[in-house]
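Order of the sequence lines fixes the chain letters, A, B, ..., with proteins taken first and strands second; residue numbering starts at 1 for each chain.
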2 protein chains.
Amino acid sequence: MTAVPARDRLVRAAASLFRRKGYDGVGLAEILAVSGLPKGSLYHHFPGGKSELARAATLSAGGVVEELVNDAFADAADFREGAVRTCRAIIGLAVQPDGVLACPVMSVLQAASDEPELRRVAKTVMSGWSACLAGHADRLGVNDARGVGEHLLALLQGAWILALAEQNGAPLERLATRLAAGEGARVFS
Amino acid sequence: MTAVPARDRLVRAAASLFRRKGYDGVGLAEILAVSGLPKGSLYHHFPGGKSELARAATLSAGGVVEELVNDAFADAADFREGAVRTCRAIIGLAVQPDGVLACPVMSVLQAASDEPELRRVAKTVMSGWSACLAGHADRLGVNDARGVGEHLLALLQGAWILALAEQNGAPLERLATRLAAGEGARVFS
DNA sequence: CAATGTCTAGACCGAACGGTCTAGCTATAG
DNA sequence: CTATAGCTAGACCGTTCGGTCTAGACATTG
């Protein structure tokens with residue numbers, strides 16, 4: 001039947017809803033409705049309530065994205081190829097049938113202003129992504145790998161925001177094209 | 001006395017609070033407390049309530065940022081110089097005494113999922129910024145001005161997100177440094 | 001069998017939410 | 001003066017919020 005454990009169903013429902021409406025835009029009732037569980041289950045698995053669930057969802061989503069980045073770079077000949085593949089993979093993550101969804105970290109970032117633990121988790125996941133990209137840059141012989149990793153992360157996050165605002169994956173597609181454009185990959189002419 | 005008209009005080013308070021906690025994270029009570037006005041005033045100036053106020057705040061903030069960009073590019077010798085100045089100006093906007101605040105558009109972007117009009121305004125403002133940067137790129141003789149404008153906007157938004165997650169302006173500072181680095185301004189080596 | 005620990009189920013609570021509505025203050029117009 | 005329009009003031013409403021708590025289902029263990 002429900003092969004997926006209750007805890008996982010909660011994490012997935014929360015992550016999905018947060019990405020659509022943001023942490024403060026989603027009520028417990030909605031999370032429970034989507035996961036098909038009663039309130040008692042939520043507070044059994046997450047005694048810390050909504051905040052603890054959000055932390056788990058953010059960490060989980062962070063891992064998913066990092067895996068996706070590693071896959072994109074796994075068989076990349078150089079950093080640029082990995083970057084393009086990563087960008088295309090993120091398009092698949094962002095663009096869903098019912099619209100463009102936000103980055104999971106961004107979706108909890110503002111609510112974190114009065115939730116220090118959630119803030120810490122968001123920062124950790126984001127730093128992890130930066131380090132992950134920097135690691136691939138270094139491995140592939142890029143100079144100033146840390147700077148380049150951060151630069152690419154900023155580009156991806158920024159294009160994701162533009163796509164979110166437009167509710168259209170095009171900004172991410174165009175970024176992929178620009179990244180792929182080879183030697184012309186300078187920021188400016 | 002209160003030289004600032006009531007309507008403006010509402011818009012400013014709302015914009016400031018939204019940037020700190022996001023649209024859904026701020027209650028009317030808080031906006032009214034900051035602006036020092038009763039509920040009646042809000043619904044007199046904004047019959048559409050919170051949503052209409054958010055639209056006004058987003059539009060207003062959009063104008064402020066666009067002016068700031070135009071100032072940054074006003075006496076720039078080339079596009080790179082304008083980009084660096086813009087980035088530094090945004091640091092001033094993002095980094096406040098009580099922490100790093102979000103981009104005003106981003107702060108309402110997620111709540112816009114069930115507020116079509118707010119979504120439209122957010123998209124309009126963001127497109128305006130992109131067009132503004134593209135205009136300066138074109139004026140300064142950059143090839144593919146639209147693409148470069150969008151690219152810079154993505155970089156700025158992305159670095160802003162990183163700064164928000166870290167609660168530290170460093171990612172924006174490093175972007176400015178990278179942009180200023182001249183010929184090395186390629187995305188990758 | 002009984003006892004125990006895990007998890008589901010949902011009624012219930014006080015607080016905060018966005019929004020409505022009436023009353024009254026103030027200033028300009030006639 | 002009175003009349004009227006613009007705005008302030010805040011009580012009040014129904015709804016939804018996150019969170020607590022008791023009851024019971026169910027499987028495991030002795």
Side-chain angles (χ1 to χ4, degrees), chain A residues 1-18 20-58 107-108 110-119 121, chain B residues 1-18 20-58 107-108 110-119 121:
Chain A
M1 279 294 117
T2 53
V4 184
R7 208 194 112 102
D8 289 4
R9 276 197 283 158
L10 286 166
V11 168
R12 291 182 198 189
S16 167
L17 286 167
F18 289 159
R20 273 162 236 268
K21 311 205 210 174
Y23 178 84
D24 285 311
V26 178
L28 292 191
E30 204 171 354
I31 298 175
L32 297 172
V34 169
S35 57
L37 289 166
K39 211 167 245 193
S41 298
L42 197 164
Y43 279 89
H44 172 76
H45 294 288
F46 301 96
K50 191 186 182 184
S51 167
E52 185 181 347
L53 175 56
R55 273 174 267 150
T58 304
S107 69
V108 300
Q110 297 224 246
S113 62
D114 40 10
E115 304 241 15
E117 277 303 304
L118 185 50
R119 167 91 72 196
V121 170
Chain B
M1 281 290 122
T2 52
V4 185
R7 208 194 110 102
D8 290 4
R9 277 197 284 158
L10 286 166
V11 168
R12 292 181 197 190
S16 167
L17 286 166
F18 289 159
R20 273 162 234 267
K21 310 205 211 174
Y23 178 85
D24 284 311
V26 179
L28 292 191
E30 203 171 356
I31 298 175
L32 297 172
V34 168
S35 57
L37 288 166
K39 213 166 243 192
S41 298
L42 197 165
Y43 280 88
H44 172 77
H45 294 288
F46 301 96
K50 192 186 181 183
S51 167
E52 184 181 348
L53 175 56
R55 274 174 268 150
T58 305
S107 70
V108 299
Q110 296 223 248
S113 62
D114 40 8
E115 305 242 14
E117 276 304 303
L118 185 50
R119 165 93 69 195
V121 170

*Can B:S51 and B:R55 be said to form a side-chain hydrogen bond (donor to acceptor under 3.5 Å, both in side chains), step by step?*
CA-CA 6 Å; B:S51 167; B:R55 274 174 268 150; 3.1 Å; yes

*Could you tell me the separation between the CG atom of B:D24 and the CG atom of B:D114, rounded to the nearest 0.5 Å?*
7.5 Å

*Roughly how far apart are B:I31 CD1 and B:L10 CG, rounded to 0.5 Å?*
8.0 Å

*For B:Y23, is the NZ or CZ atom of B:K50 found under 6.0 angstrom from the centre of its six-membered ring and inside 45 degrees of the ring axis?*
yes

Report each atom pair, protein N/O against N/O of nucleotides 9-18 of chain D, whose distance is under 3.5 angstrom.
unit_1: D:dG10; atom_1: O6; unit_2: B:G40; atom_2: N; d: 3.3
unit_1: D:dG18; atom_1: OP1; unit_2: A:V26; atom_2: O; d: 3.1
unit_1: D:dG18; atom_1: OP1; unit_2: A:K50; atom_2: NZ; d: 2.7
unit_1: D:dG18; atom_1: OP2; unit_2: A:L28; atom_2: N; d: 2.6

Nearest-Å distance for atom pair [atom1]/[atom2], residues [X] and [N]:
X     : N      : atom1 : atom2 : answer
A:H44 : C:dT8  : NE2   : P     : 7 Å
B:L42 : C:dC21 : CG    : C1'   : 15 Å
B:I31 : C:dA16 : CD1   : C1'   : 14 Å
B:H45 : C:dG19 : NE2   : C1'   : 17 Å
B:F46 : D:dG6  : CZ    : C1'   : 16 Å

*Kindly indicate whether the side chain of A:H45, heavy atoms from C-beta on, has any atom under 4.5 Å from the side chain of A:L37.*
no

_Quick one, B:E115 and B:V108 - any side-chain contact, counting heavy atoms below 4.5 Å?_
no

_Quick one: does any side-chain atom of B:S113 pair with a main-chain N or O of B:Q110 as donor and acceptor, under 3.5 Å?_
yes

Within the sub-3.5 Å range, which N or O atoms of nucleotides 22-29 of chain C have a protein N or O partner, and how far apart are they?
none

*Does a donor on one side chain sit under 3.5 Å from an acceptor on the other, for B:R20 and B:S16?*
yes

